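What you see is a predicted model, and the numbers here were worked out from it, not measured in a lab.
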Amino acid sequence: MHKNKRKEMKRREFISSSVKLAGACALGCANILKVGCANEIEADFDNNGEEYISIDISDDKYSLLQNDGGAIVIAGNQIDLKGLLLVRVEENIYAYSNNCTHSGYELRPFQNGVSICTQHGATFNLSGKAISGPASGSLKSYPTELIENILKIFP
């Protein structure tokens, strides 16, 4: 019986190690994909030398931003390494850091005027203000400019 306990323990250790390794591999692959996506958006400079990124909202990847209430999350970029949470409200598109003010977890795109933290469920309104905990305070916001289908986001 003592021998079976050792075998069982070794199996448990093996399974535990395997699960941890698989998780680490998956996380590593996700980070590679996220970095790859981030490279799709290039920084540019306006006439005053101010850096910005631009997004063509007529592109299929960003087309949700063509409609009032449309929202997306984009990968880390030169403006914000955590990524950006974008939402259209009437004729304006707002940009927020994709970073929960409670613990830095990512956020889900706005739906019915609310964005939810993927980890703790904190919620934020269209102004970026925390409306339920555990988050407090407002999301970092970035100035934007929409000219026809081109969205410019400034640091």
Side-chain angles (χ1 to χ4, degrees), residues 12 15-46 48 50-155:
R12 286 184 185 167
I15 290 170
S16 176
S17 296
S18 298
V19 168
K20 288 176 185 174
L21 179 61
C25 288
L27 184 58
C29 290
N31 283 337
I32 289 169
L33 292 174
K34 192 171 184 179
V35 170
C37 293
N39 291 335
E40 291 178 13
I41 301 172
E42 294 293 325
D44 207 346
F45 296 90
D46 66 11
N48 299 322
E50 189 174 3
E51 184 177 30
Y52 68 90
I53 59 172
S54 64
I55 295 171
D56 183 350
I57 65 170
S58 66
D59 185 315
D60 287 343
K61 293 182 283 193
Y62 310 113
S63 63
L64 289 173
L65 296 174
Q66 292 178 0
N67 303 313
D68 189 27
I72 61 171
V73 174
I74 61 172
N77 53 68
Q78 293 89 336
I79 301 297
D80 193 311
L81 295 176
K82 293 288 256 180
L84 295 169
L85 174 62
L86 305 174
V87 60
R88 183 167 193 147
V89 180
E90 297 174 359
E91 296 305 312
N92 298 306
I93 297 179
Y94 298 100
Y96 300 104
S97 181
N98 185 22
N99 189 19
C100 178
T101 59
H102 169 246
S103 57
Y105 288 104
E106 293 180 347
L107 302 166
R108 289 191 176 91
F110 284 93
Q111 195 168 33
N112 299 318
V114 176
S115 177
I116 301 172
C117 175
T118 59
Q119 204 59 32
H120 296 110
T123 57
F124 297 87
N125 67 15
L126 291 170
S127 298
K129 183 178 178 188
I131 53 176
S132 73
S136 61
S138 296
L139 298 171
K140 182 175 182 179
S141 64
Y142 296 96
T144 63
E145 180 179 55
L146 182 61
I147 301 172
E148 295 182 17
N149 286 327
I150 303 301
L151 173 67
K152 292 181 180 180
I153 307 166
F154 299 89

**Student:** CD1/Ile53 to CD1/Ile74 distance, rounded to the nearest 0.5 angstrom?
**Tutor:** 4.5 Å

**Student:** What pair of heavy atoms forms the shortest contact from Ile79 to Asn77, and how long is it?
**Tutor:** N-OD1, 2.8 Å

**Student:** Tell me which one of Thr144, Asn98, Ile55 satisfies side chain to side chain contact (heavy atoms under 4.5 Å, CB included) with Leu86.
**Tutor:** Ile55

**Student:** What is the minimum heavy-atom distance between Phe154 and Glu51, and which atoms define it?
**Tutor:** CD2-O, 3.7 Å

**Student:** Distance-only, no hydrogens or angles: does the Asp59 side chain make a donor-acceptor pair with backbone N or O of Tyr62 under 3.5 Å?
**Tutor:** no

**Student:** For Glu106, is there any backbone N or O sitting under 3.5 Å from a side-chain donor or acceptor partner on Lys82?
**Tutor:** no

**Student:** Check the surroundings of atom CD in Gln111: do more than 12 heavy atoms from other residues, nucleotides or ligands lie under 6.0 Å from it?
**Tutor:** no

**Student:** State whether the side chain of Ser132 and the backbone N or O of Ala122 hold a donor-acceptor pair below 3.5 Å, judged by distance alone.
**Tutor:** no

**Student:** Nearest 0.5 angstrom please: Tyr105 OH to Asn99 CG, how far?
**Tutor:** 11.5 Å

**Student:** Return the CG to OG distance between Leu85 and Ser141, rounded to the nearest 0.5 Å.
**Tutor:** 11.5 Å

**Student:** Among side-chain atoms of Asp80 and Tyr142, is any donor-acceptor pair under 3.5 angstrom?
**Tutor:** yes

**Student:** Could you measure the distance from the OG1 atom of Thr101 to the NZ atom of Lys140? Nearest 0.5 Å is fine.
**Tutor:** 13.5 Å

**Student:** For the CG atom of Leu65 and the CG atom of Leu146, what is their distance to the nearest 0.5 Å?
**Tutor:** 9.0 Å

**Student:** Can you see which heavy atom on Asp68 is nearest to which on Arg88, and at what distance?
**Tutor:** OD1-O, 3.6 Å

**Student:** Would you say the side chain of Leu151 lies within less than 4.5 Å of the side chain of Ile153, judging by non-hydrogen atoms?
**Tutor:** yes

**Student:** Report the relative orientation of the aromatic rings in His120 and His102; use parallel for angles under 30°, tilted for 30 to 60°, perpendicular for over 60°.
**Tutor:** perpendicular

**Student:** Is it the case that the side chain of Tyr96 and the backbone of Leu126 share a donor-acceptor pair, with hydrogens and angles ignored and the cut-off at 3.5 Å?
**Tutor:** yes

**Student:** Roughly how far, to the nearest 0.5 Å, is NZ of Lys152 from CD of Glu50?
**Tutor:** 10.0 Å

**Student:** Determine yes or no for a side-chain-to-main-chain donor-acceptor pair under 3.5 angstrom, with Arg108 supplying the side chain and Phe110 the backbone.
**Tutor:** no

**Student:** Is Asp56 reaching over with its side chain to a backbone N or O of Ser58, donor-acceptor style, under 3.5 angstrom?
**Tutor:** yes

**Student:** Between Ser54 and Tyr52, what is the shortest heavy-atom contact and its length?
**Tutor:** CB-CE1, 3.9 Å

**Student:** When you measure from the side chain of Ser115 to the backbone N and O of Leu107, does any donor-acceptor pair fall under 3.5 Å?
**Tutor:** no

